[in-house]
Amino acid sequence: MDDMVVKKSEDFSEWYNEIVELANLTDKRYPIKGMNVWTPYGWKIMRMTDEFIREELDATNHQEVCFPLLIPETEFKKEADHIKGFDSEVYWVTHAGLNELDIRMCLRPTSETAMYPIFALWVRSHSDLPLKTYQIVNTFRYETKMTRAFIRVREIHFFESHTCHTTEEDAQSQVEEDFVILEKVMRHLALPYFLLTRTEWDKFPGAYYTVGVDCPLLEGRSLQLGSIHHYRENFSKPFDIKYEDVDGTLKHVHQTTFGMSERLVGCTVAFHGDDKGLVLPPDVAPIQVVIVPILAKGKVEEVMVAAQRLRDDLKKSGVRVHLDDKDERPGSKFYNWEIKGVPLRLELGQRDLAEGKVCFAVRHDGTKGSFLRATTVEDVHSKLQEIMRVMNESAWKRLSTAVATIDSLENPPKKILRFGWCGEESCGREIETRTELKILGTPYIKEAFHAKCLICGKETDKPTYAARAM
RNA sequence: GGGUCUGUGGGGUAGCUUGGUAUCCUUCCAGCUUGGGGUGCUGGUGACUCCGGUUCAAAUCCGGACAGACCCA
């Protein structure tokens, strides 16, 4: 492996590209742009993230389903705005064997049009509602811009939850539940985020409104991690999803969706990583603890046995632990495990054996110390918990310092900007053009604010956020 | 959609102008050495994207395909 040569603060893009390769999260050599291979280490992070998502969705009575990948063109075209939003970026299957298909099929860019014809069959009466489903699948979008591992790809691993409700209010309460699910998942990744209602021109094609989940990165960048949509009856009408209400009348359901992708992995890399490599929160670290034995001539056997015992003790207690028994210098191992972002390193040598201790080093803040061997198992558990807590605290602190409130467009700082905007598209577009930023939207959760629109001067009592979108 | 450029061992590169033995670093493998922050030595495996053309001879020149990067709409 080559050295990390690029510093995160100097060239973020290069740094990111380098780190995902050095840490061996992905193999970018697959010969299709934007379709990368998940390597074992990267895939484990994704799988654990998926598991947390599954846990929360199951706990809120969502049912996991799995719909086909192919969608007939006839279904795909049922919702006019939806097709308009996606037609430039779907892959089409036009042939089967030697035959040209009468009706083309697209690879799902998202699954509304695959699921909703079937939902129309599943939903008959109000007692079938709410219908709460989700699936964890891959989806395909033909990106023409520069691709980037986990962040902008053409085959996207994601989860999507789709729900149907009797009323708009019930659908609204689903949106609120999604925020709770989101918060729990994000805690495991130690990622902070904004919840911003997107502008009319940026909402999901076909949605009534869209709330974006945005994570702040360096220098005023933001990365959209997910979105929560309220559809009202925009899809249930074209797909004819109706239920018979208590009074015997037929009504269209109100729908919501919530989705997040493999960007969660990319964002974990981008947000926590540093110049030494990855920094993984213990909850999603494939290896939480690595043991590096310090082997001195003549004492190899004794130290190795003690290291194996330590590994077994930790493993038994439920820690994901790895004993690095390769024949390499310890210093070289330290560098390698730091690149891979292992949260906690334990060192065990002759000196420690004599003193009844185990040395440790914490990845995210570089602190070092030692545990008593007798209490190491408990100490490791509480250290991992402490790391999660501290990483979350500092993450949210970073979010608050990533924002600058401005009252004019003169020399805006390189931060995520917060300002007054009247809500008119013409003013919004002008702000975007002049700052070369993207308006992310207005906070879903009301913030105390009062200012004038940066363009027309009209008063407003809600702030708008804008950032360099990645 | 229009244009510019690029493609050499697993990774990064030199060589291409002016055609003739493919360079160096790293990784990997073996052995010795070393061992609390990137040990050192010796040896080894491994490459010119593909198809066609020109030529005695092509990584090098020409044409095309494929893949990628960048710029413009």
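Below, chains carry the letters A, B, ... as their sequence lines are ordered, and counting in each starts from 1.
Across all strands shown, B:rA14 remains unpaired; no Watson-Crick or G-U wobble contact has both distances below 3.5 Å. Figure legend. B:rG63 is base-paired to B:rC51; pairs are counted as Watson-Crick or G-U wobble with both atom distances under 3.5 Å. B:rC32 and B:rG40 make up a base pair, with Watson-Crick or G-U wobble contacts both under 3.5 Å. With a cut-off of 3.5 Å on both pairing distances, B:rU45 has no Watson-Crick or G-U wobble partner at all. Pair assignment for B:rA58: none, as no Watson-Crick or G-U wobble contacts are both less than 3.5 Å. When both pairing distances are held under 3.5 Å, B:rG68 makes a Watson-Crick or G-U pair with B:rC5.
With hydrogens and angles ignored, the 3.5 Å screen pairs a side-chain donor or acceptor of A:R108 with a backbone N or O of A:F67. A donor-acceptor distance shorter than 3.5 angstrom exists from the side chain of A:H272 to the backbone of A:L189, with no hydrogens or angles considered. The main-chain N or O of A:K414 is never found under 3.5 Å from a side-chain atom of A:E219 such that the two would form a donor-acceptor pair. Side-chain atoms of A:R363 come within 3.5 Å of backbone N or O of A:L278 as a donor-acceptor pair.
Comparing B:rG11 with B:rC5, their C1' atoms are spaced 22 Å from each other, to the whole Å. Here the separation of B:rU6 from B:rG64, taken at their P atoms, is 15 Å to the nearest Å. Of the P atoms belonging to B:rU60 and B:rU21, the separation is 13 Å, rounded to the nearest Å. Taking the C1' atoms as reference points, B:rU13 lies 11 Å from B:rU26, given to the whole Å. Using C1' as the reference atom, B:rG38 and B:rU23 are 25 Å apart when rounded to the nearest Å. Taking atom C1' in both B:rU55 and B:rA73, the straight-line distance is 43 Å, to the nearest Å. Spacing between B:rA47 and B:rC24 at atom C1', rounded to whole Å, works out to 14 Å. Here the separation of B:rU45 from B:rG31, taken at their C1' atoms, is 15 Å to the nearest Å.
The side-chain tip of A:R398 points at the ring of A:F271 from less than 6.0 angstrom away and within 45° of straight on. Judged by the 6.0 Å and 45° rule, A:R345 forms a cation-pi pair with A:F334.
Side-chain proximity of A:M146 to the nucleotides B:rG37, B:rU34, B:rC70 is greatest for B:rC70. In the set B:rG38, B:rG36, B:rG11, the nucleotide with an atom closest to the side chain of A:S332 is B:rG38. Considering only side-chain atoms of A:R329, the nucleotide from B:rG10, B:rG35, B:rA69 that sits closest is B:rG35. Of all nucleotides listed (B:rA69, B:rG37, B:rG36), B:rG37 comes nearest to the side chain of A:E338. For A:K297, taking side-chain heavy atoms from C-beta onward, the closest of the listed nucleotides B:rU34, B:rG10, B:rG38 is B:rU34.
A:K145 places its NZ atom 14 Å from the P atom of B:rA69, with the value rounded to the nearest Å. Atom CD in A:E328 sits about 13 Å away from atom P in B:rG36, given to the nearest Å. Look at CG on A:D27: it is 9 Å from C1' on B:rG10, rounded to the nearest Å. Protein atom CG of A:L295 is 10 Å distant from nucleotide atom P of B:rG36, rounded to whole Å. Distance, A:K326 NZ to B:rU27 C1': 11 Å, rounded to whole Å.
A heavy atom lying under 4.0 Å from RNA chain B marks the following residues of residues 352-371 of chain A, by number: A:D352, A:C359, A:K368.
Contact annotation: the side chain of A:S317 approaches that of A:H381 to within less than 4.5 Å [non-hydrogen atoms, C-beta and beyond]. In this structure the side chain of A:P463 never reaches within 4.5 angstrom of the side chain of A:T442, judged on heavy atoms.
For the OP1/OP2 pair of B:rA69 and a distance below 4.0 Å, the side-chain nitrogens and oxygens of A:K33 include at least one atom meeting the criterion.
A:F150 has its ring centre less than 6.0 Å from the ring centre of A:W38.
For A:R29 and A:F334, each mapped to the nucleotide of RNA chain B holding its nearest heavy atom, the one lying further toward the 5' end belongs to A:R29.
Once the 5.5 Å centre distance and the 30° plane angle are applied, the aromatic ring of A:Y335 is found stacked with the base of B:rG38.
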